[in-house]
Amino acid sequence: ALCKTGQTWTNAKEIAQALGGHLVTITSEGEQNAIMEGLSGVGSTTYIWMGATDYEREGVWHWVTGEAMNYGNWNPGEPNNSEGVEDFGHIYFESTIGKWNDIRETTAWYIIEFDYIVD
């Protein structure tokens with residue numbers, strides 16, 4: 001679910017968890033493509049949080065769910081920890097639409113992913 005209210009990464013993570021989900025994890029090209037299809041029409045200056053962080057240990061990126069980060073769609077040169085304060089992953093909607101970037105904890109839209117088990 002795309003949430004179009006600006007939240008810090010930490011607040012977005014807490015909101016997602018309170019609703020029974022988590023910030024989106026993107027573990028394959030197929031998931032990346034599906035997310036991008038769902039976000040068509042998003043404005044060019046929009047940032048969207050995903051559940052990636054290296055806050056606990058600089059340079060060691062992981063998903064909030066503990067899933068392996070074997071797939072990545074980082075923009076060239078990213079993550080770069082600019083100014084030593086970029087610990088949270090987001091999806092770009094600028095010149096490199098759909099690529100990932102690390103950024104400081106600012107406000108952005110976010111995607112909540114819900115894992116449902118279907119019998």
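Residues: numbered from 1 along the sequence shown.
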| said: What I want to check is whether the side chains of Trp100 and Gln32 have a donor and an acceptor closer together than 3.5 Å. | reply: yes
| Close side-chain approach of Thr5 and Trp109, heavy atoms under 4.5 Å | no
| query | In Å and rounded to the nearest 0.5 Å, what is the CD to CG distance from Glu14 to Asn11? | reply | 6.0 Å
| field | Polar side-chain atom of Thr53 near backbone of Asp87 as donor-acceptor pair, under 3.5 Å | value | yes
| task | Kindly indicate, with the supporting measurements, whether the criterion side-chain contact (heavy atoms from CB on, under 4.5 Å) is fulfilled by Asn81 and Glu58. | result | CA-CA 8 Å; Asn81 196 32; Glu58 182 55 44; 3.3 Å; yes
| said: Using the side-chain hydrogen bond (donor to acceptor under 3.5 Å, both in side chains) criterion, which residues pair with Asn75? Sequence neighbours excluded. | reply: Thr96
| task | Ignoring hydrogens and angles, state whether a donor on the side chain of Thr107 or Gln7 is under 3.5 Å from an acceptor on the partner side chain. | result | no
| remark: The reported gap from CD1 in Ile91 to CD1 in Ile111 (rounded to nearest 0.5 angstrom) is 4.5 Å
| Does Glu86 use its side chain to pair, donor to acceptor, with the backbone of Pro79 at less than 3.5 Å? | no
| Is it the case that more than 12 heavy atoms not belonging to Glu56 sit under 6.0 Å from its CD atom? | yes
| query | Between CD1 of Ile112 and CH2 of Trp49, what distance do you get to the nearest 0.5 Å? | reply | 14.5 Å
| Could you give all pairs that pass the salt bridge (charged side-chain N to carboxylate O under 4.0 Å, His left out) test and reach residues 62-85, with sequence neighbours left out? | Glu83-Arg104
| Rounded distance [0.5 Å steps], OG1 in Thr25 versus OH in Tyr71 | 12.5 Å
| query | For Trp63 and Ala52, which heavy atoms make the closest approach, and how far apart are they? | reply | CZ3-CB, 3.6 Å
| request: Please examine the side chains of Thr106 and Thr8, heavy atoms only from C-beta on, and report whether any two atoms are closer than 4.5 Å. | output: no
| task | Would you check if Lys13 and Val64 make a side-chain contact, meaning some heavy-atom pair closer than 4.5 Å? | result | yes
| note | Here the gap from Glu31 atom CD to Ile26 atom CD1, rounded to the nearest 0.5 Å, amounts to 7.5 Å
| task | Under the ring pair (Phe, Tyr, Trp, His ring centres under 6.0 Å) rule, what do Phe88 and Trp9 come out as? Steps first, then yes or no, please. | result | CA-CA 7 Å; Phe88 306 100; Trp9 187 91; 4.8 Å; yes
| Contact check, side chains of Leu2 and Lys4, non-hydrogen atoms, under 4.5 Å | yes
| message | We want to know whether Asp102 and His90 form a side-chain donor-acceptor pair, criterion being a heavy-atom distance below 3.5 angstrom. | response | no
| query | When rounded to the nearest 0.5 angstrom, what distance separates CG in Asn73 from CD in Glu29? | reply | 8.0 Å
| More than 12 heavy atoms of other residues, nucleotides or ligands under 6.0 Å from OH of Tyr55: is that the case? | no
